[in-house]
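Just so we're clear, the structure is a prediction, and the values are computed from it rather than from any experiment.
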Amino acid sequence: MKKTIAIILAVVMTVSCLIIPVSADAVTDKIDPAVLEQIKNGSFDGMVVEIRHHNPAYPTEGVSDQDAVYNDVAAQQALFRQIGEFSHYEVGTFSIGKVNVGLPYSSIEKVAALPNVDYIAMPEEGCYVPAEQKISDASKEKLAALNDSDTVDLVIWLAYTQQVYIGMDAPDDDATHETVDAYLRNKKDRRKAYITAKNEEFVKRISAAVDVEEITALNLTPIAFVRTTADKVMKIAALPEVWTLGVNDQADPVDPPMEETEPEDKPATVSEKFEQWMWDTVKAVREDDPDMIVRYDEKLDYRDYEELYTCGEWTLIQAHTCGMLEPWDMIFSIDFGSRILSWWTEGACLYPYALFVYDAAQDTFFPIEKVNPDDYAGILDAMDALKVGRPLGDADGDKDLTILDATAIQRDIAELSKLPQNDTYTLEVNAVPWPCYAYSDADRDGETTVMDATRIQRMIADLDDSGGNEVK
């Protein structure tokens, strides 16, 4: 009997010895060689990788599109819980079955060994849509007015992920100033090093593919400036290194004009004070982070200046900053009382909501995202009257909250008609993924039901003071 047990133990030990190297090879086979090379020669202690994954408990095939999204998010959360047991991680962009994650080099093989991880690769790069789709209609009109030999200046958004491995957890709400400062400094340094290197790489690729007169790039944003002739624009746009391409036209009208030298006279009107304030703000931004200013000169343009509403204590202002765009297609929103305010355009960078409040007592301006509506009596009523943003519960999209919104929800539930396609918004909060809601979801419980129609009716009748503004 003892001899039999000894033989069994010997066999088990032999099999175990054989399994270990095979398992290690299997893990390595799940990691792209480029990732392994980066681990070996990388300058940081971690990197962003694309994790391709699946989880049989949360199927994404053979189900509805909505269920596929819900299941994929659940699979991601399960994966992050597993990773969090042994490693720091930083979540980035994702699609079904794929997620970009920042990981320490030392954790990548451990993540690859997880049963629901299929492969770990470098983040996808390149934009392969037709060249025509990368150019806006406005830029196409400008190009159509040029001869082939005419010189043209282009602004190019480069097609690679901006996510950078930070190596630190984002500070909590109760973090000290020192902790926040350390995190921001580390984030800025790593982002600058990464984007500078990627921009140089992409500039070389573009120069090798198309003979251009001049090409330069920023250090903190994946943007390049190209001077070339009009006949080469489509060839440049067709390159996979190019995400979008725009024609820079210095002759575009600017209202009000921004002087190239600091205003000398002391401003008297609100518009003059705003110009001075914008000058001082941009000067401070430039001194702190020069590459955040996308420009060919030393000025920041803003357009569509309008004093929407004014009283003795405050003035509500609209102004769109120009040339301050990042290459992404998301639009975020914030709560402002019972209204939802959204970015004025995709990829807005500086003052994305394009709204400001002039505080007469302090004689200064605040972007709307820094304003507490309780500090300015009547501002919510003014926004309602001006239809700035959209009220929570605005199911029909007319920027008013009326009984028609409750009716639209009821008709949608009864399948008599559908709610507008623009019924959703994404809140700008410290969460990944960012929470998405429907305007028709007045109580924000995650779905539009008859309870939302009831809530809207109560809000209209002033029976509900909450305005559905609390996120559940």
Side-chain angles (χ1 to χ4, degrees), residues 30-39 41-44 46-53 72 90-103 108 118-136 139-140 143 152 154-165 190-212 214-228 232-248 291 294 325-330 346-347 349 433:
K30 292 168 67 176
I31 304 176
D32 190 281
V35 174
L36 296 173
E37 181 68 19
Q38 180 75 9
I39 295 173
N41 301 314
S43 56
F44 295 136
M47 64 184 296
V48 176
V49 296
E50 179 188 86
I51 300 178
R52 302 172 190 173
H53 64 96
D72 185 67
E90 300 166 5
V91 182
T93 57
F94 62 90
S95 58
I96 292 180
K98 299 178 182 178
V99 61
N100 285 357
V101 182
L103 292 171
I108 292 178
D118 300 320
Y119 198 68
I120 295 180
M122 299 293 287
E124 292 183 356
E125 294 181 350
C127 181
Y128 297 92
V129 302
E132 293 80 3
Q133 296 182 21
K134 300 181 183 182
I135 306 176
S136 68
S139 290
K140 289 177 182 176
L143 290 171
V152 60
L154 307 176
V155 181
I156 294 175
W157 285 263
L158 303 174
Y160 64 83
T161 178
Q162 294 185 64
Q163 185 187 357
V164 181
Y165 177 73
R190 294 207 171 196
R191 177 179 171 83
K192 184 172 183 178
Y194 167 76
I195 289 185
T196 297
K198 293 299 292 185
N199 282 1
E200 290 177 354
E201 174 190 342
F202 273 54
V203 162
K204 289 180 180 178
R205 291 191 200 174
I206 294 172
S207 299
V210 181
D211 184 21
V212 299
E214 184 180 344
I215 181 168
T216 59
L218 299 179
N219 292 328
L220 287 175
T221 309
I223 290 178
F225 304 113
V226 175
R227 173 163 289 178
T228 186
K232 296 178 181 178
V233 172
M234 295 305 295
K235 184 182 295 186
I236 295 173
L239 297 175
E241 288 80 12
V242 175
W243 187 357
T244 61
L245 177 152
V247 176
N248 182 67
D291 293 306
V294 180
L325 303 178
E326 294 278 10
W328 54 54
D329 58 3
M330 292 194 69
E346 297 174 344
C349 183

Do Val164 and Val48 make a side-chain contact, defined as non-hydrogen atoms from C-beta onward lying under 4.5 Å apart?
no
For residues 94-103, which side-chain N or O atoms pair as donor and acceptor with protein atoms under 3.5 Å away, sequence neighbours left out?
from	atom 1	to	atom 2	distance (Å)
Lys98	NZ	Glu124	OE2	2.7
Asn100	ND2	Thr93	OG1	3.4

Using the rule given for side chain to side chain contact (heavy atoms under 4.5 Å, CB included), can you reason through Met234 versus Ile135, listing the C-alpha separation, both sets of side-chain angles and the distance that settles it, and then say yes or no?
CA-CA 9 Å; Met234 295 305 295; Ile135 306 176; 3.6 Å; yes
Minimum side-chain heavy-atom gap Leu154-Val212 below 4.5 Å:
no
Any Gln162 side-chain heavy atom under 4.5 Å of Pro222 side chain
yes
Is the closest side-chain heavy-atom distance between Lys30 and Ile120 below 4.5 Å?
no
Qualifying residues under salt bridge (Lys or Arg N to Asp or Glu O under 4.0 Å), relative to Arg205, sequence neighbours excluded
Glu125, Glu201, Glu241
When every non-hydrogen atom of Leu239 is compared with those of Ala209, the smallest separation belongs to CD2-CB, 3.6 Å
Show the nearest heavy-atom pair for residues Gly246 and Trp157, with the distance to one decimal.
N-CZ3, 4.2 Å
So, for Pro240 and Ala159, which heavy atoms are closest and what is the spacing to 0.1 Å?
O-CB, 3.5 Å
Give a yes or no on whether the backbone of Gln163 and the side-chain of Glu90 come within a donor-acceptor separation of less than 3.5 Å.
no
Tell me, yes or no, whether the heavy-atom count around Lys204 atom NZ, taken from other residues, nucleotides or ligands under 6.0 Å, exceeds 12.
no
Heavy-atom distance under 4.5 Å between the side chains of Val233 and Lys140, does that happen here?
no
To the nearest 0.5 Å, what is the distance between CD1 (Ile236) and OG1 (Thr228)?
4.5 Å
Lys232 side chain to Asp211 backbone, donor-acceptor under 3.5 Å:
yes
Measure the shortest side-chain to side-chain distance between Thr161 and Tyr194 over non-hydrogen atoms and say whether it is less than 4.5 angstrom.
yes
What are the two closest non-hydrogen atoms of Ser139 and Val247, and how far apart are they?
OG-N, 3.1 Å
Do you know the tightest heavy-atom contact between Ile195 and Tyr160?
CG2-OH, 3.4 Å
Can you measure from CH2 (Trp243) to CD1 (Ile156) and round to the nearest 0.5 angstrom?
14.5 Å
Contact between Ile206 and Leu158 at the side-chain level, heavy atoms closer than 4.5 Å - yes or no?
yes
Nearest heavy atoms of Asn199 and Ala217, plus distance in Å
CB-CB, 3.8 Å
With a 4.5 Å limit on heavy-atom distance, are the side chains of Met47 and Met122 in contact?
yes
Spell out, as yes or no, whether a donor-acceptor pair under 3.5 Å connects the side chain of Lys134 to the backbone of Val242.
yes
